[in-house]
Amino acid sequence: MDVYILAIESSCDETSMAIVKNGKEVIGLSIATQIDTHALYGGVVPELASRMHTEAITLVLEDVLNKAKMKLEDMDAFAVTYAPGLTGSLIVGIEAAKTLSLIYNKPLIAVNHLIGHIYANNIENNMEFPMLALIVSGGHTELLIMDDDYTFKKLGETLDDAIGESYDKVARVLGLKYPGGPNVEKLAREGNHTYDLPRPVMDDTYNFSYSGLKSAVINLVHNETQRGKEINKADLARTFQDVAIDELVRKVEKAFKETGIKRLVVAGGVSANSYLKEEMQKLCAKYEAKLFIPRLLYCTDNAAMIGAAAMPLYLKKEFSDFSLNASSSGDIC
Ligand code: KG4
Ligand code: ZN
C-alpha cells in the first residue's frame with residue numbers, strides 16, 4: 001500500500017509543504033520564501049519570520065493540495081519539523097500539523113530538520129549504509145556516520161560558527177545581499193586565490209572552526225578600508241571559499257581514510273555550492289566512494305525532505321502526541 005505523507009517545514013525563513021509518496025516521490029511541493037523581506041535587514045528577523053509563516057501557511061497548504069491534485073483525506077500522516085530552528089517559526093508549522101492530525105485522525109510525525117536535510121538525498125536516490133553524512137547549513141557543520149536508517153554517530157562538529165553562517169557574514173562585509181552563500185559563490189567564480197587567510201588547524205580531530213576565518217576576512221576588509229586601499233572583492237571571496245571548502249574536504253578525507261566507508265552524503269543549504277560539489281566529486285573519485293548531493297531544489301530548506309525523513313518513522317510507527325513542542329536546539333545524536 002502506498003503511503004502519502006503531508007510534510008510541513010517552517011523552521012527558518014521558508015514556509016513549505018510537500019506531499020511525498022512512500023518517502024520517495026514528491027507529488028507536490030510548495031515553498032513560500034521570506035528572503036526578500038529579511039534581505040532588507042541583512043538577516044532573518046525572528047519576529048517577522050513567525051508572523052509571515054502565520055500569514056503564508058494556509059495559502060501554502062492550498063497550493064500544495066492543488067499541485068498534487070489530492071485532498072487532505074488522502075493523507076496517511078502529517079509530518080512536521082520540530083527542531084532545530086527559530087522557536088516562534090517552528091510553532092506555526094507544529095500547530096498546523098497538530099490541527100490536521102486531529103481533524104483527519106492520522107498520525108503526527110515529528111522530524112528533525114537536519115535529518116530532513118540528510119534524507120533529501122533519498123528522494124531521487126537510494127541511500128546505502130554505512131555512509132558518511134556531512135551536514136553544512138546556516139546553523140550546523142557536522143560530520144556523522146550512519147550505519148542504518150536513523151542510526152547516527154557524530155565524528156565531529158563546529159566548535160564555533162557554522163560554515164553557512166561564515167558565508168553570510170563574509171557576504172555582509174563584502175556588501176553582498178542576504179542570503180550571502182550563493183552571492184559569495186557567484187563572486188568567487190570571478191576571482192583568484194590571492195589573499196592569505198588562516199586555515200583552521202585541528203588536524204587530529206573531526207571538529208571544525210569557522211570563526212577565525214570569518215574574523216580574518218572582516219579584519220582584512222576593515223584594515224584595508226582604513227588605509228584607503230581597494231579590496232579585490234572577487235579575489236577575497238575566492239580565497240575565503242577555497243579555505244572554507246578545503247577544510248570540509250580535509251575532514252571528509254580523514255574519515256574516508258580512517259573508517260574505510262565508501263559513501264558520502266552532503267546535506268544542508270551549503271550543499272547547493274557548486275565548488276563544494278566539484279571538490280567532493282574529486283575526493284570521492286580518489287577514494288572510489290559514492291557521492292550523494294541532492295538536486296538544487298532539495299539542498300536548501302523545503303518540506304519534501306521532511307516527508308522523506310518521516311517515512312522511516314512512519315514505518316516504525318514512531319508517532320508524536322499533541323504535547324509535541326518546538327525545540328531550538330536539535331542534536332541528532
Ligand atoms: O539549510 P539551509 O537552507 O538553512 C538552514 O537550515 O540553515 O542553509 C542556509 C545556508 C545559508 O547560510 C546560506 O548562505 C547557505 O546555506 N547557502 C550557500 C549556498 N546556498 C545556500 N552557501 C554557499 N554556497 C551556496 N551556493
Ligand atoms: Zn536547513
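Since the model is a prediction, treat every value here as computed from it, not as a measurement. We count ligands from 1, going down the list as the structure has it; atoms in each ligand are counted the same way.
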Could you identify the single nearest non-hydrogen protein atom to [atom] and state the distance to 0.1 Å?
atom                    : answer
atom 22 (N) of ligand 1 : Gly181 CA, 3.3 Å
atom 26 (N) of ligand 1 : Glu185 OE1, 2.8 Å
atom 8 (O) of ligand 1  : Gly269 CA, 3.3 Å
atom 13 (C) of ligand 1 : Asp168 OD1, 3.8 Å
atom 24 (N) of ligand 1 : Asn273 ND2, 3.0 Å
atom 15 (C) of ligand 1 : Val270 CG2, 3.9 Å

>> Please check: side-chain N/O of Lys153 versus main-chain N/O of Ile145, any donor-acceptor pairing under 3.5 Å?
In response: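 Such a contact is absent between Lys153 side chain and Ile145 backbone.
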
>> Strictly distance-based, threshold 3.5 Å: is any side-chain N or O of Asn125 a donor or acceptor partner for the main-chain N or O of Met127?
In response: no

Check ligand 1 against [X] and write out every atom of the ligand that is under 4.0 Å from a heavy-atom position of the residue.
X      : answer
Ala272 : 20 (N), 26 (N)
Gly139 : 7 (O)
His113 : 6 (O)
His117 : 1 (O), 6 (O)
Gly138 : 5 (C), 7 (O), 8 (O), 9 (C), 10 (C), 12 (O)
Gly164 : 12 (O)

State yes or no: do [X] and [Y] share one hydrophobic cluster built from I, L, V, M, F, W and Y residues joined by side-chain heavy-atom distances below 4.5 Å, directly or via other members?
X      : Y      : result
Phe129 : Ile261 : no
Leu283 : Tyr206 : yes
Tyr314 : Tyr119 : yes

>> Tell me every residue that passes side chain to side chain contact (heavy atoms under 4.5 Å, CB included) with Lys229, counting only those two or more places apart in sequence or in another chain.
In response: Glu224, Arg227

>> Listing by chain and number, which protein N, O or S atoms are under 2.8 Å from the Zn ion (ligand 2)?
In response: His113 NE2, His117 NE2, Asp301 OD1

> Linking Ile, Leu, Val, Met, Phe, Trp and Tyr through side-chain heavy atoms less than 4.5 Å apart, which residues share a cluster with Ile31?
Replying inline: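 In the cluster with Ile31 are Val26, Leu29, Ile123, Leu297, Tyr298.
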
>> What I want to check is whether the side chains of His113 and Glu9 have a donor and an acceptor closer together than 3.5 Å.
In response: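 The answer is yes; a qualifying pair exists.
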
> Going by atom types only, do Asp161 and Ser211 share a side-chain donor-acceptor pair under 3.5 Å?
Replying inline: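 Judged by distance alone, the side chains do not pair up.
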
>> Distance check, rounded to the nearest 0.5 Å: Met52 atom CE versus Gln34 atom CD?
In response: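 Spacing of CE (Met52) from CD (Gln34) equals 4.5 Å.
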
> Are the charged groups of Glu253 and Arg250 less than 4.0 angstrom apart, N to O?
Replying inline: no

>> Quick one, Lys282 with Glu278, criterion salt bridge (charged side-chain N to carboxylate O under 4.0 Å, His left out). Give me CA distance, side-chain angles, the key distance, then yes/no.
In response: CA-CA 6 Å; Lys282 279 188 223 157; Glu278 284 161 24; 5.8 Å; no

> Do ligand 1 and Gly268 have nitrogen or oxygen atoms that lie under 3.5 Å from each other?
Replying inline: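 No, no N or O pair falls under 3.5 Å.
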
Show every donor-acceptor pair shorter than 3.5 Å between a side-chain atom in residues 54-65 and any protein atom, with sequence neighbours excluded, or say none if there are none.
{"from": "Thr54", "atom 1": "OG1", "to": "Ser50", "atom 2": "O", "distance (Å)": "2.8"}
{"from": "Asp63", "atom 1": "OD2", "to": "Ser30", "atom 2": "OG", "distance (Å)": "2.6"}
{"from": "Asp63", "atom 1": "OD2", "to": "Lys67", "atom 2": "NZ", "distance (Å)": "3.0"}

Quick one: look at [X] and ligand 1, take heavy-atom pairs under 4.0 Å, and tell me if it's side chain, backbone, both or neither.
X      : answer
Glu14  : neither
Asp301 : both
His140 : neither

> Are Phe240 and Tyr195 close enough that their ring centres sit under 6.0 Å apart?
Replying inline: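 Ring-ring flag for Phe240/Tyr195: false, centres at least 6.0 Å apart.
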
